[in-house]
Amino acid sequence: MCGIVGIVGKSNVNQALYDALTVLQHRGQDAAGIVTSHDGRLFLRKDNGLVRDVFQQRHMQRLVGHMGIGHVRYPTAGSSTSAEAQPFYVNSPYGITLAHNGNLTNVEQLAKEIYESDLRHVNTSSDSEVLLNVFAHELAQRGKLQPTEEDVFAAVTDVHNRCVGGYAVVAMITGYGIVGFRDPHGIRPIVFGQRHTDEGVEYMIASESVSLDVLGFTLIRDLAPGEAVYITEEGKLHTRQCATNPSLTPCIFEHVYLARPDSIIDGVSVYKARLRMGEKLAEKILRERPEHDIDVVIPIPDTSRTAALELANHLGVKFREGFVKNRYIGRTFIMPGQAARKKSVRQKLNAIELEFRGKNVMLVDDSIVRGTTCKQIIQMAREAGAKNVYFCSAAPAVRYPNVYGIDMPSAHELIAHNRSTQDVAELIGADWLIYQDLPDLIEAVGGGKIKIDKFDCAVFDGQYVTGDVDEAYLNKIEQARNDASKVKTQAVSAIIDLYNN
C-alpha cells in the first residue's frame with residue numbers, strides 16, 4: 001500500500017507533486033520521495049518520514065522542472081531504511097526513475113535473471129528496484145537513441161510478460177516523458193487526468209482520484225488492467241493496451257480500508273461502497289438478532305465511520321462518536337512489533353465516557369487483522385462503563401496473508417486464521433462479534449452503477465488471482481513478515497543474499 005504520482009506540466013511541478021503526496025499520505029507514512037527533470041538533469045529528494053518532514057524549503061527549491069514523479073511508502077517485506085525510499089533510479093538507458101505500488105510474487109526469479117542475464121545490479125531488497133531494472137532492460141533492448149511511444153509500450157509489454165503480481169507504476173524517462181502502467185489483473189489502482197492552464201494542458205497520473213480532485217485535475221479514467229499511458233515531455237498523451245489477456249480483478253481491500261472515501265476506483269465510489277457495506281451489515285444483524293438490544297452504534301475512527309453511520313440508520317439506532325482520535329499516530333496494523341502496537345492504540349484513541357456508560361454498545365471497525373487494536377478498544381469501552389460490548393467488522397474475517405502489496409502479517413499472526421467467529425469473539429473480549437459475509441462485501445463494492453464481477457479477495461478466501469502463490473511461497477513470506485524476522489532483517493538485503501548463493 002504505497003502512493004504514486006506523476007505530473008507533466010507547463011511550469012515547475014514540485015509544489016503540485018508535494019501537494020499530491022500529502023493527499024496520498026494515508027497510503028504510506030514510512031518514507032516519501034520526489035524526483036523532477038529539467039534540461040536533461042534529474043533532481044531527487046527522498047528520505048524516511050512523512051511528506052511534511054522529508055521536504056523542507058531548501059529541498060523544494062532544488063526540485064526544478066516541469067515533469068516529475070513522487071512516492072509515499074510503507075514497508076512490505078523489505079526493510080524500513082532510507083535506502084528503500086522511492087523513487088529508484090538507473091542511469092541506463094536515458095536515466096529512468098520509477099515509483100511503484102504493489103508487490104511482485106516472482107521477485108526472486110527476476111532478481112536472478114537481472115543479475116545473470118541482464119547484467120544489472122540491484123542494491124536493495126525492494127521489488128520496486130527489480131521492476132525498474134526489468135523495465136530499463138526491456139527499453140534498452142529497443143536500441144534507440146531517442147525512444148518513441150512505440151518503444152515505451154513495447155517495453156511495458158515485456159514487463160508484463162516477465163513480472164507477476166500486483167503493480168501500479170509511474171516511471172520518468174529523463175528528457176522524454178512519464179509512463180504509467182498497471183498489472184494485467186488491475187490489482188492496484190491507478191488513474192490519470194488533465195487540467196487546462198494558460199500555458200496549455202497538464203497531465204497527472206496517481207494512485208487515487210482524490211489527488212487529482214484536490215489539485216484541480218479532471219479525472220479522465222482509470223488505467224485498464226495491462227494498459228499503459230505515456231505522456232511526452234511536450235505534453236502529448238498516448239495510451240496502449242500492453243497485456244495479452246488482461247482481466248479486471250481489483251483488490252477489494254482498497255474499498256474496505258486503504259483508499260480515501262472521496263476517491264473513485266475503477267468507476268466505483270469508495271464512499272458509496274462503504275455505505276452499502278453498512279446496509280449489508282444491518283441486514284445481517286436483523287437476520288441473526290431481529291430482537292437485538294443495541295443502544296448505540298459507535299465507529300472506530302476513521303475508516304469505518306461511513307459504514308457505521310449507514311448501519312445505524314438501517315437499524316434505527318443512535319449513531320454517536322465515542323472515541324476521539326489523535327491524528328498524529330500511525331496506522332497500527334503495520335507497526336513492526338506487538339508492544340509498539342499495544343502502546344499506540346492507547347495513545348491513538350480516547351473514549352468519551354458519557355456515550356458508553358450503562359449502554360449496550362455496537363462498535364464498528366473496517367476489519368480485524370491481528371485483533372490487537374479491537375481487543376484494547378473493547379476493554380476501553382468496558383472501562384468507560386459499557387454494559388455490553390458488541391463488535392462489528394465491515395469486512396469478512398481476514399484469514400490469509402496479502403501478497404500484492406499490503407503488509408498484512410503472516411498467517412499465524414492473523415487472529416481469524418483457523419479460528420471460528422466465536423473463538424475470535426472470546427479472544428478480543430466481545431459479547432458478540434459479527435463479520436460481513438464475503439458475497440455481501442462483493443455486492444457492496446461491485447453492485448453500483450459500474451459492475452465489477454470479480455475481485456482479489458485473497459485475504460478472505462485464500463484465492464490468489466495470479467495463480468502462482470502456493471504453500472511454499474506463503475511459508476517464505478511468513479518468514480519474512482513475522483515480527484521477530486522483521487527485527488532481525490532490518491539491515492539485510494534478501495536479493496543481494498540471492499546473488500551470493
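Asp266 is linked by a side chain to side chain contact (heavy atoms under 4.5 Å, CB included) to Arg182, Asp222, Leu248, Pro250, Ile452, counting only residues two or more places apart in sequence or in another chain. For the ring-ring contact (aromatic ring centres under 6.0 Å, His included) test, no residue two or more places apart in sequence or in another chain qualifies with Phe217. In this view, Tyr167 and His160 satisfy the ring-ring contact (aromatic ring centres under 6.0 Å, His included) rule, not counting sequence neighbours. Under the rule for a salt bridge (Lys or Arg N to Asp or Glu O under 4.0 Å), Arg399 has no partner lying at least two apart in sequence or in another chain. With sequence neighbours left out, Asp47 forms a side chain to side chain contact (heavy atoms under 4.5 Å, CB included) with Arg45, Val54, Ser82. When the side chain to side chain contact (heavy atoms under 4.5 Å, CB included) test is applied to Leu42, the partners found at least two apart in sequence or on another chain are Val35, Ser37, Tyr89, Thr97, Met172, Thr174. In this structure, His66 has no ring-ring contact (aromatic ring centres under 6.0 Å, His included) partners at least two apart in sequence or on a different chain. Partners of Gln25 under the side-chain hydrogen bond (donor to acceptor under 3.5 Å, both in side chains) rule, at least two apart in sequence or in another chain, do not exist in this structure. Residues forming a side-chain hydrogen bond (donor to acceptor under 3.5 Å, both in side chains) with Asp118 (at least two apart in sequence, or on another chain): His137, Arg162. The side-chain hydrogen bond (donor to acceptor under 3.5 Å, both in side chains) test applied to Asn106 returns no partner, not counting sequence neighbours. Residues forming a side-chain hydrogen bond (donor to acceptor under 3.5 Å, both in side chains) with Glu202 (at least two apart in sequence, or on another chain): Arg195.
Donor-acceptor pairing under 3.5 Å is lacking for the side chains of Asp19 and Thr22. A side-chain donor-acceptor contact under 3.5 Å links Glu129 and Thr124. Glu199 and Ser11 share no side-chain donor-acceptor pair at under 3.5 Å. Side chains of Ser263 and Tyr271: a donor-acceptor N/O pair is absent below 3.5 angstrom, by distance only.
Scanning both residues, Lys280 and Ala444, for their nearest heavy atoms gives CG-CB, 4.4 Å. The minimum heavy-atom distance between Gly166 and Tyr404, with the atom names listed, is N-CD2, 3.7 Å. The two residues Ala85 and Arg73 make their nearest non-hydrogen contact at CA-CD, 4.4 Å.
Between the CE atom in Met60 and the CG atom in Asn14 there is a gap of 4.5 Å [rounded to 0.5 Å]. Interatomic distance, CG of Leu258 versus CD1 of Ile252, reported as 12.0 Å (0.5 Å rounding). Atom CG of Leu281 sits about 7.5 Å away from atom OG of Ser393, to the nearest 0.5 Å. The CE atom of Met277 sits 11.5 Å away from atom OG of Ser304, with the distance rounded to the nearest 0.5 Å. In this structure, CG in Asn103 is found 8.5 Å from OG in Ser128, a value given to the nearest 0.5 Å. Atom CG of residue Asp158 and atom CG of residue Leu139 lie 10.0 Å apart, to the nearest 0.5 angstrom.
Using a cutoff of 4.0 Å between basic side-chain nitrogens and carboxylate oxygens, Glu227 and Arg221 are scored as salt-bridged. Using a 4.0 Å cut-off between charged side-chain N and carboxylate O, Arg41 and Asp39 make no salt bridge. With respect to Glu254 and Arg27, a salt bridge is recorded, a charged nitrogen being found less than 4.0 Å from a carboxylate O. Between Arg276 and Glu310 there is no salt bridge, since no side-chain N of the basic residue sits under 4.0 Å from a carboxylate O of the acidic one.
A donor-acceptor pair is defined here as one N or O able to donate and one able to accept, closer than 3.5 Å; such a pair exists between the side chain of Ser207 and the backbone of Ile4. The backbone N or O of Val5 lies less than 3.5 Å from no partner atom in the side chain of His71, so there is not a single donor-acceptor pair. Not a single donor-acceptor pair under 3.5 Å links the side chain of Asn91 to the backbone N or O of Gly95. Side chain of Asn101 to backbone of Cys2: a donor-acceptor contact under 3.5 angstrom is found.
The salt bridge (Lys or Arg N to Asp or Glu O under 4.0 Å) contacts involving residues 233-253 comprise Glu150-Arg240, where partners must be two or more places apart or lie in separate chains.
For Lys10, the NZ atom counts as densely surrounded, since its 6.0 Å shell holds more than 12 non-hydrogen atoms of other residues, nucleotides or ligands.
No option in Asp183, Leu110, Thr105 other than Leu110 meets the side-chain contact (heavy atoms from CB on, under 4.5 Å) test with Cys163. Among Leu309, Thr306, Asp366, Val445, the single residue meeting the side-chain contact (heavy atoms from CB on, under 4.5 Å) criterion with Arg274 is Thr306.
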For this session: Begin from the C-alpha positions of Leu474 and Asp470 and carry the test side chain to side chain contact (heavy atoms under 4.5 Å, CB included) through to its verdict.
Result: CA-CA 6 Å; Leu474 292 176; Asp470 55 17; over 6 Å; no
For this session: Go through the steps for Lys348 and Lys325 under the test side chain to side chain contact (heavy atoms under 4.5 Å, CB included), then give the verdict.
Result: CA-CA 6 Å; Lys348 184 167 67 172; Lys325 182 177 180 180; 4.1 Å; yes
For this session: Show your working on salt bridge (Lys or Arg N to Asp or Glu O under 4.0 Å) between Arg305 and Asp365 and close with a plain yes or no.
Result: CA-CA 8 Å; Arg305 185 173 284 116; Asp365 206 353; over 6 Å; no
For this session: Under the side chain to side chain contact (heavy atoms under 4.5 Å, CB included) rule, what do Arg120 and Tyr115 come out as? Steps first, then yes or no, please.
Result: CA-CA 5 Å; Arg120 288 177 171 269; Tyr115 180 69; over 6 Å; no
For this session: Please assess Ile69 against Ile178 for the test side chain to side chain contact (heavy atoms under 4.5 Å, CB included), listing each intermediate value before the final yes or no.
Result: CA-CA 8 Å; Ile69 63 175; Ile178 289 178; 3.9 Å; yes
For this session: Given ring-ring contact (aromatic ring centres under 6.0 Å, His included), test Tyr203 with Phe192 step by step and report yes or no.
Result: CA-CA 7 Å; Tyr203 291 97; Phe192 66 101; 8.0 Å; no
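Aromatic ring pairs are classed by plane angle as parallel below 30°, tilted from 30° to 60° and perpendicular above 60°; the pair Phe135 and Phe181 is tilted. The aromatic rings of His255 and Phe455 stand perpendicular to each other, their planes meeting at an angle above 60°, with 30° marking the opposite boundary.
A heavy-atom distance below 4.5 Å is found between the side chains of Leu24 and Glu208. By the 4.5 Å heavy-atom criterion applied to side chains, Ile265 and Ser209 are not counted as neighbours. Counting heavy atoms from C-beta on, the side chains of Pro396 and Leu441 come closer than 4.5 Å. Contact annotation: the side chain of Val72 never approaches that of Asp30 to less than 4.5 Å [non-hydrogen atoms, C-beta and beyond].
For Tyr94 and Tyr176, the gap between ring centers is short of 6.0 Å.
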